[in-house]
Participant: 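Would you mind keeping the following structure in view while I ask a few things?
Owing to the predicted nature of the structure, the values given are computational and were not obtained by experimental measurement.
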Amino acid sequence: MKEVLLISGFMKRTLVLLSLWFFIWFPLEAFCNTGNTSSSSNPKVINIGSLFTLNSVIGGATKPALLAAIDDVNSNPNILNGIELKFILRDTNCSGFIGTMEALQLMKSDIVVAIGPQSSGIAHVISHVVNELHVPLLSFGATDPTLASLQFPYFLRTTHSDYFQMYAIADVLDYYGWREVIAIFVDDDYGRNGISVLGEALAKKRAKISYKASFSPEDPESKINDLLVEVNLMESRVFVVHVNPDTGLNIFSVAKRLNMMSGGYVWIATDWLPSYLDSREAVDPSTMNLLQGVVALRRYTPDTNLKKRFISRWKNLKDKGSTGPGGFNSYALYAYDSVWLAAHALEVFLSEGGNLSFSNDPKLRDTNGTALHLSSLRVFNGGQQLLQTLLRMNFSGLSGQIQFNQQRDLIHPAFDVLNIGGTGTHRIGYWSNYSHLSIVPPESLYTKPPNISSGSQHLYGVKWPGETSKVPRGWVFPNNGQPLRIAVPNRVGYKEFVSKDNSPQGVKGYCIDVFEAAINLLPYAVPHTYMLFGDGKRNPNYDEIVSQVAQNKYDAAVGDITIVTNRTKIVDFTQPYMESGLVVVVPVKEAKSSPWAFLKPFTKEMWFVTAAFFLFVGAVVWILEHRINHEFRGPPRQQLITIFWFSFSTMFFSHREKTVSTLGRLVLIIWLFVVLIINSSYTASLTSILTVQQLTSGIQGIDSLISSSEPIGIQEGSFALNYLVEELNIARSRIVKLKDPEAYLRALNLGPKAGGVAAIVDELPYIELFLTSINCLYRTVGQEFTKSGLGFAFQRDSPLAVDLSTAILQLSESGELQKFHNKWLTHTECSIQINQEENKLSLSSFWGLFLICGIACVLALTLFCYRVFTQYRRFSPEDEEAEVEEIEPSRLSRRSILSTSFNNIMDFVDRKETEIKEILKRKNINESKQTSHNSNRQASSPT
């Protein structure tokens, strides 16, 4: 597609008016043969026109295709009912001015459809003409995405917009992981607007166009040479070339001379390059040698039988000229389908009662009323109806399915992804707007659910420039002699991390060792120089360091830089090489001993319930053992002492009484388990109470620090200031900036009442070094209330950040990071516990155990009582009856009877189990004898 230079909206309209003026003062004969309105309800001939550059790569292919389509339509009796399409062809000669004049001359022929042009720049100008005259314009080659339907309602694109092609290129770049590209494009509507869409597509994938290199189609090779020399000094080695097929090859010719077609370079061309190669019957080896390793996109057309038959006819198409069979390219298919689209639409238009009539436009007259002979340009009255009919068409063409969506684009946009190598091109995959990159034809995916996940994207292998199959990195350090500028904080305190040094390197420390080790793991050299940031009298502001990296004053920042949200918005960080987080440091003192410290582990409720259960379990065991165990028998005073002794001796597992009953043993086992848990918890809690240190203030963590009003110390230059003020809403007046560990120590020793601070908030790595330097005089309280890490900062989208992250992971896995840590940051663990509050053990921690023990005791007592009641009923039924008979005559009170029965029961329970069993045994024998005697008497008595 050969384009014209940029023509602004104002200039385009001026050009139209100049052209109108030309035809007014130099009228053609046919311009005078007009009336107010003309119409033909049943025309025998319908005029359709076409205008494009005949002497061009695209024009050489589309002319024979258009003529073939006209012949096929006119020779087909099944369409238009015998109406002939008259084809009027105009040559735009690759000029916006000439194209406009040719368009106006074409319009005076009362055409109902215009086909073309191939140039996006000319299409912008001609669209104003067809809008005014209501003539649909079917363009098979104007791919500029800004040719929108709102501005140009009568413009209808019969090929796929460059909008989709640019998104396809963005997917290819993302597939190989490239984040920066250089765009080389022709400086006209076609080039600029296409690259603009590419920038939008890359931004959605967090990539960008790092430089836009434009040139004019008329520029000599010397200017192209200067342009490529300039971009070759830049970082990116990925070039996207979006130019015209007629002059675009000059780019690669110059690049070859500059050795820019060698290894490490990536060249991606839009569909202009396949169009150029396809239009040549045989490409000479010298041309192919220029293009080795280039990746290009070509508009995809399915391999249908219609397409194959058309290609087989190509040699015999009339007016094909001397282009030969190699003159064919994909634009020939779109041009052919454009004619058939117009024919199908006209047939429907006429069948629906459409009228092919034209009328004069009163607006095409001079404002003072003088006629300017503009009546020769007439408005197509059925233009709007025909346009809507065109949008409804749906048929299978040579290029695929011809059907428009709501945005008036052809459905199913797709592209071939090609790799140029050897003597031809090789397809490495496809791109479609449905599923993006794949290695199967797009039409086979339309029946499946769309899948654009990263795991579903596939392409075959590519032979890159330099005859290599390894994917190029896509960037190098700029070839301008400048090393990487690295900002290093000039610290006052904690110089173990980074500090000034008299060595040639200029700096030293833990961060520097990690960075140098990571740089040495990269497969390429990284020249760099360290530049100290700060005056050395106070710690620099780390946010300012990061900001200057984002502003390109430095290329990177190396040091103890914390990765926080506001910084990640403007720069890219590497993988953290050290974990970090904010903690609170407070003064502590030794706790004074107390004579009642042994009572502190349990709450009052816990002590009460524990003592009650000791007595309760002792009583239950005594009840269960009293009848069968002689150690639980004796005088009442002795038995009471036994209950108390047994209960509390279980606390130390020193009870000497043996349990005999099964139920007693069950209760005792459960109780001893409860005692074991209580003893262990008590011992641990008491040990903690007797060995802890106590806080000198009420600050127990960040929450109590926020609620207080005492001053807080932070490290100068730390992000902790913004975090405490903005995130935790602590008053800025409470913040005290401290520059080194000595200042920390003085502030904590003074305390808040003497001009010091109540606590210090800083990151854990610094606090560990601080506590080590003062022999753990102070302690941290609470937990880390932020989680972050230390990393190296780079400018946005810097590929070094990604490569160094991989190197840092390698250092971590190999143990090198730990070696550097041990070298610079060795510290003593301050492991003595801080008693932040009296954490007494309460009943809530043990009620489950007491519940289990209580249930066991109740069940055991229930079973025991049931057994005793059963024995008692067998033991005394006759005695009770005798007693009742004796009592009734005496008229004793009911209360006395109950009292006597209770005493009998208690007396029965107090007896030994062996006595009861012996009595029951004798009773059973007597009952057996009595039953036998009665039976004998009944047998011997006379009947």
Participant: Under a 3.5 Å distance rule, please check whether Thr772 uses its side chain to pair with a backbone N or O of Glu768 as donor and acceptor.
Facilitator: yes

Participant: Distance-only, no hydrogens or angles: does the Arg237 side chain make a donor-acceptor pair with backbone N or O of Gly263 under 3.5 Å?
Facilitator: no

Participant: Is it the case that the side chains of Ser547 and Gln551 hold a donor-acceptor pair, with the cut-off being a distance below 3.5 Å and no angle test?
Facilitator: yes

Participant: According to ring pair (Phe, Tyr, Trp, His ring centres under 6.0 Å), who are the partners of Trp464, at least two apart in sequence or on a separate chain?
Facilitator: Tyr176, Trp178

Participant: Within the side chain of Tyr434, is there an N or O that forms a donor-acceptor pair under 3.5 Å with the backbone of Lys448?
Facilitator: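 Flag set: sc Tyr434 to bb Lys448 pair under 3.5 Å.
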
Participant: Do any N or O atoms from the side chain of Ser580 and from the backbone of Leu790 form a donor-acceptor pair under 3.5 angstrom?
Facilitator: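 It does not hold such a pair.
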
Participant: So Phe770 and Tyr778, would you call those rings parallel, tilted or perpendicular, with 30° and 60° as cut-offs?
Facilitator: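 Geometry flag for Tyr778 against Phe770: parallel rings.
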
Participant: Give a yes or no answer on whether the side chain of Gln795 reaches the backbone of Tyr554 with a donor-acceptor pair at less than 3.5 Å.
Facilitator: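 Checking the backbone N and O of Tyr554 against the side chain of Gln795, a donor-acceptor pair under 3.5 Å is found.
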
Participant: Tell me whether Trp607 at atom CH2 has more than 12 heavy atoms from other residues, nucleotides or ligands lying less than 6.0 Å away.
Facilitator: yes

Participant: Determine yes or no for a side-chain-to-main-chain donor-acceptor pair under 3.5 angstrom, with Ser210 supplying the side chain and Val181 the backbone.
Facilitator: yes

Participant: So with a 6.0 Å cut-off around CD1 of Ile452, is the heavy-atom count from everything else above 12?
Facilitator: no

Participant: How long is the straight-line distance from CE of Met531 back to CG of Asp555, given to the nearest 0.5 Å?
Facilitator: 9.5 Å

Participant: Under 3.5 Å, side chain of Asp572 to main-chain N/O of Asp797, donor-acceptor pair present?
Facilitator: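 Such a contact is found between Asp572 side chain and Asp797 backbone.
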
Participant: Show me the donor-acceptor pairs, under 3.5 Å and distance only, between side chains in residues 505-521 and residues at least two apart or in other chains.
Facilitator:
from   : atom 1 : to     : atom 2 : distance (Å)
Gln505 : NE2    : Val507 : O      : 3.2
Asp513 : OD2    : Lys823 : NZ     : 3.2
Asp513 : OD2    : Trp824 : NE1    : 2.8
Glu516 : OE2    : His528 : NE2    : 3.0
Glu516 : OE2    : Tyr530 : OH     : 2.4
Asn520 : ND2    : Glu516 : O      : 3.1

Participant: For the pair Asp171 and Lys205, find out whether any cationic side-chain nitrogen is under 4.0 Å from an anionic carboxylate oxygen.
Facilitator: yes

Participant: Quick one about Tyr494 and Asp560 (side-chain donor to acceptor, distance below 3.5 Å, no hydrogens or angles considered), yes or no?
Facilitator: no

Participant: Evaluate whether atom CG of Asn502 has more than 12 neighbouring non-hydrogen atoms of other residues, nucleotides or ligands under 6.0 angstrom away.
Facilitator: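 Not more than 12 within 6.0 Å, no.
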
Participant: Hey, does Pro765 have a side-chain heavy atom less than 4.5 Å from the side chain of Phe497?
Facilitator: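 A side-chain contact under 4.5 Å exists here.
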
Participant: Applying the side-chain contact (heavy atoms from CB on, under 4.5 Å) criterion to Val526, which one of Leu804, Ile486, Leu800 satisfies it?
Facilitator: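 With Val526 as partner, side-chain contact (heavy atoms from CB on, under 4.5 Å) holds for just one option, Leu800.
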
Participant: Answer yes or no: does atom CZ of Phe820 have more than 12 heavy-atom neighbours from other residues, nucleotides or ligands under 6.0 Å?
Facilitator: yes

Participant: Whether the side chain of Thr574 engages the backbone of Phe792 through a donor-acceptor N/O pair (distance < 3.5 Å, no angle test) should be reported.
Facilitator: yes

Participant: Looking only at atom types and distance, does a side-chain atom of Tyr175 sit under 3.5 Å from a main-chain N or O of Leu459, one as donor and one as acceptor?
Facilitator: yes

Participant: Report the residue from Lys737, Arg538, Lys739 that forms a side chain to side chain donor-acceptor pair (under 3.5 Å) with Glu716.
Facilitator: Arg538

Participant: For the backbone of Glu710 and the side chain of Arg734, can you confirm whether one donor and one acceptor N or O come within less than 3.5 Å of each other?
Facilitator: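 Pair found, side chain donor or acceptor close to backbone of Glu710.
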
Participant: Would you find more than 12 non-hydrogen atoms of other residues, nucleotides or ligands less than 6.0 Å from Glu579 atom CD?
Facilitator: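 At most 12 heavy atoms, drawn from other residues, nucleotides or ligands, come within 6.0 Å of this atom.
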
Participant: If you compare all heavy atoms of Ile563 against all heavy atoms of Ser788, which two are closest, and at what distance to 0.1 Å?
Facilitator: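 Between these two residues, the closest heavy atoms are O-CB, 3.6 Å.
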
Participant: Locate the shortest heavy-atom distance separating Ser435 from Pro450; write the atom from each residue and the value.
Facilitator: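 That would be OG-CA, 3.9 Å.
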
Participant: Specify the closest pair of heavy atoms between Val586 and Ala758, including all atoms of both residues, with the distance to one decimal.
Facilitator: CG1-O, 4.0 Å

Participant: Does the pair Asp740 and Arg491 meet the rule for a side chain to side chain contact (heavy atoms under 4.5 Å, CB included), with working shown?
Facilitator: CA-CA 9 Å; Asp740 54 26; Arg491 294 193 58 88; over 6 Å; no

Participant: Using a distance-only test with no angle check, is there a side-chain donor-acceptor pair under 3.5 angstrom linking Asn722 and Asn566?
Facilitator: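 Absent: no donor and acceptor within the cut-off.
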
Participant: So, Arg567 and Thr562: side-chain donor and acceptor under 3.5 Å apart, yes or no?
Facilitator: no

Participant: If I take atom CG from residue Leu738 and atom CD1 from residue Ile712, how far apart are they, to the nearest 0.5 angstrom?
Facilitator: 11.5 Å

Participant: With a 4.5 Å limit on heavy-atom distance, are the side chains of Leu748 and Val757 in contact?
Facilitator: yes

